[in-house]
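Note: hydrogens, waters and symmetry copies are ignored here, and every other heavy atom, side chains too, is used.
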Amino acid sequence: MSRKRFYKPMEVETMLQERREAEGLTGDTEFKTIKATIETAKRNGRVGDKMLIVVPPSYIHVPDWQRKLDISKAQKIGFNYNKYKWEVPKVIYCDGKLIVADGMHRLIGGFLGGIDGVVVEILEISEQEAIKLFLEQGTDRLHMKPHDYFNASVKAEKPEYVAFRDICREFHVQIKGEDYEKNPIGTFTSLSDGINMCKANPNTLKKIIKLISELQWNQVGSDEGKAFSAKYVRVMKKLYAYYAEHEAEMESILKSKCAGANWFERNAMEAAQKNLFDNLSNIIRVGLTTERPKLMPVKSA
């Protein structure tokens, strides 16, 4: 593996697949091996209400809905592996393969630590049920962030996550942790803001992304994409709320007075969130005062 800290699920799966291929555990061979293991576990692996088996960690697949792997955390587990300390990882048997539902870091830690066999619990549930379990467990883990279970939430078709993904894709904005866009105009980094807005009012999020794109605030050299971070999204959200009755005029004024990468770099990047809101709000108020007579039709006497 290359020298970086976080690995996407598919990168981890590729690493494990290389080991499986080296050991000849592919295709029919894998299917028959895992099927025999499961059948044996059903007869002999019952411990109370659990079904346990011992398998090499490379036998386990990592689905695309899993969280990213923190390699330093996995290495720490692997190099100090203690079977009495770690909880048993949970896997499901699906389409002839074993898929990790919970405990990926423990499994990969065992793999990196050269452990020949790890105990895993077989969950007799579907993949959709496993995704639900993963998401429910994630709510109790304070160290997990929205991007840790974003893919799982989309696969589970949680409405706010699907809406957030679709809005960003509509405007070719990358979501932090995703690799969908080949040439994104920027990266939406505050998933919690996007997801929460999609719960309450996805149309406002769409307007914000569209306006930031039209203002071209995302075209600031090496900082391209910063315009879709929390500060600017939150400022725009407040502006849309404050000027709800003059939305079209507000957008027109901002595009006239605040467009371009140079304006953004000079006036927005170093400003604190509250100061940026005050500055933009003042520009809008002045614009409404001076330009409204031009925008409003004159009533005949």
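In this structure, E214 does not pair ionically with K207, as no charged nitrogen and carboxylate oxygen lie closer than 4.0 Å. Salt bridge annotation for R106-E121: absent, with no cationic side-chain nitrogen under 4.0 angstrom from a carboxylate oxygen. Using a cutoff of 4.0 Å between basic side-chain nitrogens and carboxylate oxygens, R43 and E39 are not scored as salt-bridged.
Partner of E13 under the salt bridge (Lys or Arg N to Asp or Glu O under 4.0 Å) criterion, out of R20, K8, K97: R20 alone. Partner of M236 under the side chain to side chain contact (heavy atoms under 4.5 Å, CB included) criterion, out of L276, I209, L215: L215 alone.
Looking at K206, its side chain never comes within 3.5 Å of a backbone N or O of F171 through a donor-acceptor pair. Side-chain atoms of T29 do not come within 3.5 Å of backbone N or O of L25 as any donor-acceptor pair. Between the side chain of S256 and the backbone N or O of S252, no donor-acceptor pair lies under 3.5 Å. In this structure a side-chain-to-backbone donor-acceptor pair under 3.5 Å is missing from K237 to I208. With N279 contributing its side chain and N275 its backbone, the two residues share a donor-acceptor pair below 3.5 Å. In this structure, the side chain of W65 does not engage the main chain of A156 through any donor-acceptor pair within 3.5 Å.
A continuous path of ILVMFWY side-chain contacts below 4.5 Å connects V88 to V47, so both sit in one hydrophobic cluster. Put simply, V100 and M51 are part of the same group of oily side chains (I, L, V, M, F, W, Y) that touch within less than 4.5 Å, one to the next. A single hydrophobic cluster is not seen to contain both V119 and I77; linkage of ILVMFWY side chains at heavy-atom distances under 4.5 Å, directly or through other members, places them apart. There is no path of hydrophobic side-chain contacts, each under 4.5 Å, that joins Y59 to L52. In terms of hydrophobic clustering, with Ile, Leu, Val, Met, Phe, Trp and Tyr side chains grouped at heavy-atom distances under 4.5 Å, I115 and V62 are assigned to a common cluster.
Separation of atoms CD (Q66) and CE (M10) is listed at 9.5 Å; rounding is to 0.5 Å. One distance of note links CG of L112 with CG of L107; it measures 11.0 Å at 0.5 Å rounding. Annotation: the span from F150 atom CZ to R165 atom CZ amounts to 7.0 Å, rounded to 0.5 Å. Atom NE2 of residue H105 and atom NZ of residue K76 lie 12.5 Å apart, to the nearest 0.5 angstrom.
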Full working for side-chain contact (heavy atoms from CB on, under 4.5 Å) between V91 and I122
CA-CA 5 Å; V91 304; I122 303 295; 3.4 Å; yes

What's the verdict on side-chain contact (heavy atoms from CB on, under 4.5 Å) for I131 and L135, showing C-alpha distance, side-chain angles and the deciding distance?
CA-CA 6 Å; I131 292 172; L135 293 171; 4.0 Å; yes

Between R169 and I175, is a side-chain contact (heavy atoms from CB on, under 4.5 Å) present by the stated rule, with each step listed?
CA-CA 9 Å; R169 287 186 180 180; I175 295 173; over 6 Å; no

Apply salt bridge (charged side-chain N to carboxylate O under 4.0 Å, His left out) to residues E124 and R46 and explain how you reach the verdict.
CA-CA 12 Å; E124 297 178 274; R46 298 283 182 182; 2.9 Å; yes

Apply the test side-chain contact (heavy atoms from CB on, under 4.5 Å) to residues Q273 and V235: give CA-CA distance (whole Å), side-chain angles for both, the deciding distance (0.1 Å), then the verdict.
CA-CA 7 Å; Q273 182 174 315; V235 165; 3.7 Å; yes

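Annotation: side chain of K155 is in contact with side chain of E127 (closest heavy-atom distance under 4.5 Å). Under the 4.5 Å side-chain criterion, counting only non-hydrogen atoms from C-beta, L211 is in contact with K255. Annotation: side chain of M15 is in contact with side chain of V12 (closest heavy-atom distance under 4.5 Å). Taking the side chain as every heavy atom from C-beta outward, Q17 and E21 approach each other to under 4.5 Å. Between L16 and I108 the shortest side-chain heavy-atom distance falls below 4.5 Å. For the pair I185 and F228, the minimum side-chain heavy-atom distance is below 4.5 Å. Residues H61 and I34 form no side-chain contact, since every pair of their non-hydrogen atoms from C-beta on lies 4.5 Å or further apart. Between V233 and F188 there is a side-chain heavy-atom pair separated by less than 4.5 Å.
For the 3.5 Å distance criterion, the side chains of R285 and T289 fail to qualify, holding no donor opposite an acceptor. When only modelled atom types and interatomic distance are considered, E251 and Y240 share a side-chain donor-acceptor pair under 3.5 Å.
For N44, the CG atom sits in a packed shell: over 12 heavy atoms of surrounding residues, nucleotides or ligands are nearer than 6.0 Å.
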